[in-house]
Every structure is written in C-alpha cells, then in structure tokens.
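Notes follow the structure.
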Amino acid sequence: MSAVKTYPVTEQQAENALLTRAQYLELYEQSLHDPETFWSTQAKALVDWFTPWDKLHSGDFATGDVKWFEGAKLNVSHNCLDRHLETIPDQAAIIWEGDEPDQTRIITYRELHEEVSRVANALKGLGVRRGNRVCIYLPMIPEAAIAMLACTRIGAVHSIVFAGFSADALRKRIVDFESSIVITADQCNRGGQPIRLKDIADEACQDLDVVRKMIVVKHTNADIQWIGTRDVWYHEMCKGVNPDCPPEEMDAEDPLFIIYTSGSLGTPKGAVHTTGGYLLWAALTHKYAFDHHEGDIIWCTANIGWITGHTYFLYGPLANGGTTLMYEGFPTYPNENRVWDIIDKHDVTTFYTAPTTLRSLLAYGDESIEAHHLSSLRLLGSVGEQINPDVWEWFYHVVGNDRCPIIDTWWQTGTGGIMICPLAGVTDLKPGSSALPLFGVEPALLDDDGQEMHGEGEGHLVIKRSWPGQVRAVFGDQKRFVDTYFSKFPGNYSTGDRARRDADGYYWVIGRQDDIIQRAGRKYTSSDIENTLLIHPQVAEAAVVGYPANCNEQHVYAFVTLMNESSPSDELRDVLIGLVASVEGRDCAPEQLQWARQLPKTRSGKILRSILQQIAANEVDNLGDISMLFDPRAVKDLVIHRLNQ
Ligand code: AMP
C-alpha cells in the first residue's frame, strides 16, 4: 500500500460540526460501557414512541435472535411526517427532479402527510391490513416514497424491487415475499430511455394467483395492457379518499420492510428489518454521519431499490425533519453537467454517492465542474465499495473545493445503516479509510482461526455486539439467516468483508473475503492493485481478480477501462503492468491485462468480480443469470475479447 495522506479537520469544519471530538469520544464510550443510558437517551431524543419499552434489548449472536425496545409502540410514518407538522409544515420534504431537466416537483411535509394518509386509506380500501406484504416496483418518483410511507402508516410490510429488474427477478421476489399487491407505473424513463414497467410487471405476474391487485401510477402516459379484474390506477384509487388516516400503533419488533440483497445471482435473500430499532438507527446515523443541520438538503443518489435509498434517501432524513432530493434519471443524462446542475439548482448541502458514479463523472474531466459553483455543498459522502484514494482526492479537491469533509461510510444491507465512518469536524480523514466506528458499534478483526487480533492488522471484519438497526431474519429461511451472519465466527455478526486496522485504529475495508488473491505465499487484495492502476491518468476504472495457476497459486488478471479520450495500445498495457510492479511489487504485476469498454456491474453499481474471475479463468460456458446486471452486454463484450486472445 502506498504512503497514506491525512487531512486533519479544519477549523471551519470543527466550528460547524454537531459534535466536538471530546463529545464523540465520550458518547462512544457511553454507548459501549453504559448502553442502557446511551440508547434510552438517543431513543427518546430521536424517535416519538406511543408507548415506551419494557426492555431495551435482549438476545445475542449465539442464535441471532435479538430484540430491541420490546413492548414499545410507534409508527414510522408518524415519525417521518406527523410530528413535523407543527414545526415545519411548509418545508420541502421531497424535492423531485425528473429524468428531463425541466421536470421538478416540490412536496412539503404537509402535502406529503396528506398524500401518504390518502394512499394508506386507499390501500386499506383494497383490503391491505397490518402485517400484509406489498411489493413496490416503482422508479425514483415521489409515488414510490409515498407508497413506502403509506405501508408503514397501516403496518403493511413493503418490499421494493429495483425498477428495471427483469420480469424473472421480479417474479422470484413476489413469490418469495408472497405479496398480494404490486404497485408499479406505466413506464419510466432513465437517461432518455423508456423502461416499460407495466409490461415487465405483467410478465412477472402471469399466472401468479397470489397477486390480487396491481396498482399502476400513470407516469409517462404510455399505452399499456390492462387487466380489468386486477389492475387499478393509482390516481383513481385515491380519488375522493379521506386524507385522515390515524397511524397504526406498531410493536417495535414488527417487521417494517424486507429488502433483497443486491448483487446476488442466486436465490434472492430477503433481509427483514424491524420498526423501532431500524428507525432509531436510520435517524441516529443520518444525524451524526451527515452532521445534519436544520435546512440541510441531502441528495443520496442511491435508488430506493437498495438499502441505501431506504435509509438515507427516505427514512433517516425525514425522521430528522430534513429535505431529501430524489432524482429519477442517470448521472450523465442529458450530459455530463447534470449532477452539478442539480446540486446548484437545488442548493444541495449533502451529496452522498458511490465511487462507481464518481469514477464515471471523473472520466469527463474537470471542465464541467469548474463551470458550476457548487457553493451550497457542505459534506460529501461515499458508499458501496472502497473509494480509491485518487478518486477521493478528486472528490475532495475538485468537487468539494477543499472545504467539504468526505464521509466514507462502511455498512451493508444487514446492518440497516452506517456502521463505520469519519464524522465531520471530528475525525481526521484518510483517503480510502472509513475511519472509526459509530456509536454502539464494536467491530473486531479475526484471524482465519477466529481469534481476535489486537492493534494493527488485517483480518475478517466482524461486529461483536448487537445494535438496534441490525437485520432480524432472512425472510422465511432461519437457517440461511444464521449461516449468513452468525455461523462462521460464532458469537459475532460476520460481515464477510476483510479489513485492515492501522495504528490510529482506523478501519480500511478492502472488500469481500473472495477478493483476495493468493500468490507467492502471500495474500494480495484486488483493491490495492486496482488503486495503483487508477493512478495512471488514462485509467478510468480497473477490476483485478485472481485466476488459477499451479500449486494453489493464482495469477493476476486486470480488466481496465480507459478515460473517454484514451485508446488502448500494447505500449500502454506495458506501462500499466510496469506501474503495478513498481508500486506494489513484481509479484502482483498482472500476467494479463484486458481492455474493457465497461465493467460488469450490479444495478447498485458494484463490480461483479465472480463473473470476472470466471472470464479470467476462461470458464465462460456457464456464467449464470446475467440479466440482473446493469448492462449484460458488458459481459458479452468481455467474453468475446477473452476468447479472441
Ligand atoms: P450490500 O449488502 O449489497 O449493501 O453490500 C455491502 C458491501 O459493500 C459491504 O459488505 C462491503 O463489501 C461493500 N462496501 C460498502 N460500503 C463500503 C465502503 N465504504 N468501503 C468499502 N466497502 C464497502
């Protein structure tokens, strides 16, 4: 690993921050050593409870059967809406920006409350009751947020399926989730391209008796097929419906939603999150990780189909009375200015995105950014994978103008919210590190035998104690739940990630356990080699995997995407291989380097290394179901090139 730079907290950042470093340390200590006081105080401050809890927490990781706030009653939509009506009824709750730049909608708390209540009553009218499951297959339009909140208002459990997933993927989820209601739209546009959602939903639901009603939002007015006995227009369903819908008093441990993990090409795994613990975790992590201040406008670019969209587009910001921006489209549509245009147009203060989006924007150069002032920005966030240090530097200097701290947040679907991240104005920043744990989070590194490592080191990242936002079950599959999270290192929540800890206690999450390359008796991480390749100014993206050589050894195979204006050449290939040899050592210089027009990514933007491993090993006959990829053509191109090598 190359030398680490540190960016100390600036005076200005410290002055603006919610907490001082001493307060963070004190609160963190309290969260571990006096959890009763810590969690009671936070829960009372951040969440409105109809009935307080009898027992704060019970259970452990031996069985994974944990509970928080037993006996308490609350409602999520009440917390996100009703309780703000007295103080900020006319503040924008959601700012919506459509696919085309002239489409904007602003929805205040008062309006959102009314619409959510109306839809909640309309759902009741269709027979939806507490505990029933509702599948939402909607694009990034306000009706998606409204439908989610309406479900929570009446105690129905929602499951969002990313709009654009194939009919097969949608069907698998509806079947697993046994959802009798599907909410979709006629069509949506992403990057100017229509996606015929209703057609896909029709195909998914063909001969599925479980689906009683399909509610359809008229979004683009596209022509669609209509099944009169099943289909209902959203706007007609709401017509004349009473907007007064008292929120259902839910138990803290009642399921709130089920979310299918991203990126899996096998049977989808539905992570179950519950009402009280999740809401508190969403509110607490949103408040502290994003240093939430009154008047902030957060733009979390994640789709609502992913947990990041649930927690930091919707539930966290609204629980804290913030304004959240929702964008329907694509970061570079109609051109590379779009992201910067949106930030300036709506005075976004908090921009939270993924390294994959940043790399795609960086590839266009700095000109379009320099044509924008971006002066409203106060904080930048990153999630989804390790942010490559050179991308971090660009984000900090060029986008944030050396002013905005970068909050690199490590977490996963099973954690419900952010677990490890620096805090604005509190934590010195190191590019590529998620820094320190949030309150109540006790991470540890274990060696291959499951022994805890202390001090500096690299190992399996686990979490030693329960926190309120943790996943409670895999829907309908207790064995899979225990196998996924609690079997590998008994007594711990297993993250499946490898991480390093440095002398300052900072965590550097380096990726999934499977991304380790064994070579010359040593373990190399893909991300180190990728980061080195990214140092070269002509490299836009890189993915590195191992492929089998002799005697349990692996060779290194690199896939490289070049900047828009660069072209591949043998000379450049030699330069890049030489660069890795000189920075990381000769042992991990790639044996093969293949040019890639694009890398295969999941819909949430994660590079799918398992497919790249198969391509590198030349095992391309059965690559599994690739329809879940963002663009399956990426794989086909790579296979053709591989076979022609
Ligand atoms: P998912 O459960 O699909 O949300 O994926 C979570 C996984 O993404 C984590 O287990 C990590 O492997 C990766 N990840 C998320 N955020 C970060 C981050 N800030 N740094 C490194 N890896 C990350």
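Sequence positions, counted from 1, serve as the residue numbers for this chain. All ligand and atom numbering here is 1-based and tracks the order in the structure.
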Enumerate the atoms of ligand 1 whose separation from the nearest heavy atom of [X] is less than 4.0 angstrom.
X: Asp408; value: 18 (C), 19 (N)
X: Glu385; value: 14 (N), 15 (C), 16 (N), 17 (C), 18 (C), 19 (N), 20 (N), 21 (C), 22 (N), 23 (C)
X: Val509; value: 21 (C), 22 (N)
X: Thr413; value: 1 (P), 2 (O), 3 (O), 4 (O)
X: Thr409; value: 16 (N), 17 (C), 18 (C), 19 (N)
X: Ser434; value: 19 (N)

Polar contact flag for [X] and ligand 1 (N/O pairs, less than 3.5 Å):
X: Gly384; result: yes
X: Ser382; result: no
X: Thr495; result: no

Practice task
Identify whether the distance between the nearest side-chain nitrogen and carboxylate oxygen of Glu530 and Arg609 falls below 4.0 Å.
Solution key: yes
Handout entry: SB check Glu385 Lys606 (cutoff 4.0 Å)
Key = no
Practice task
Examine distances only and state if a side-chain atom of Thr274 and a backbone atom of Asp254 form a donor-acceptor pair shorter than 3.5 Å.
Solution key: no
Practice task
Report yes or no: does Tyr312 contribute a side-chain atom to a donor-acceptor pair with the main-chain N or O of Ile418 at less than 3.5 Å?
Solution key: yes
Problem - His397-Tyr7 aromatic ring centre distance below 6.0 Å - result: yes
Quick one: does [X] get within less than 4.0 Å of ligand 1, heavy atoms only?
X: Thr261; value: no
X: Trp306; value: no
X: Gly496; value: no

Handout entry: Option nearest atom 8 (O) of ligand 1 (shortest heavy-atom distance, choices Lys606, Met419, Gln386)
Key = Lys606
Practice task
Can you tell me which residue pairs pass the ring pair (Phe, Tyr, Trp, His ring centres under 6.0 Å) test with a partner in residues 413-440, sequence neighbours excluded?
Solution key: Tyr24-Phe439, Phe38-Phe439, Tyr288-Phe439
Completion exercise
Rounded to the nearest 0.5 angstrom, the NZ-CG distance for Lys269 and Asp483 is 10.5 Å
Exercise for the section: Measure the OG1-CG distance between Thr409 and Leu438 for me, rounded to the nearest 0.5 Å. Expected result: 9.5 Å
Exercise for the section: Check ring pair (Phe, Tyr, Trp, His ring centres under 6.0 Å) between Tyr506 and all other residues, then give those that pass, not counting sequence neighbours. Expected result: none
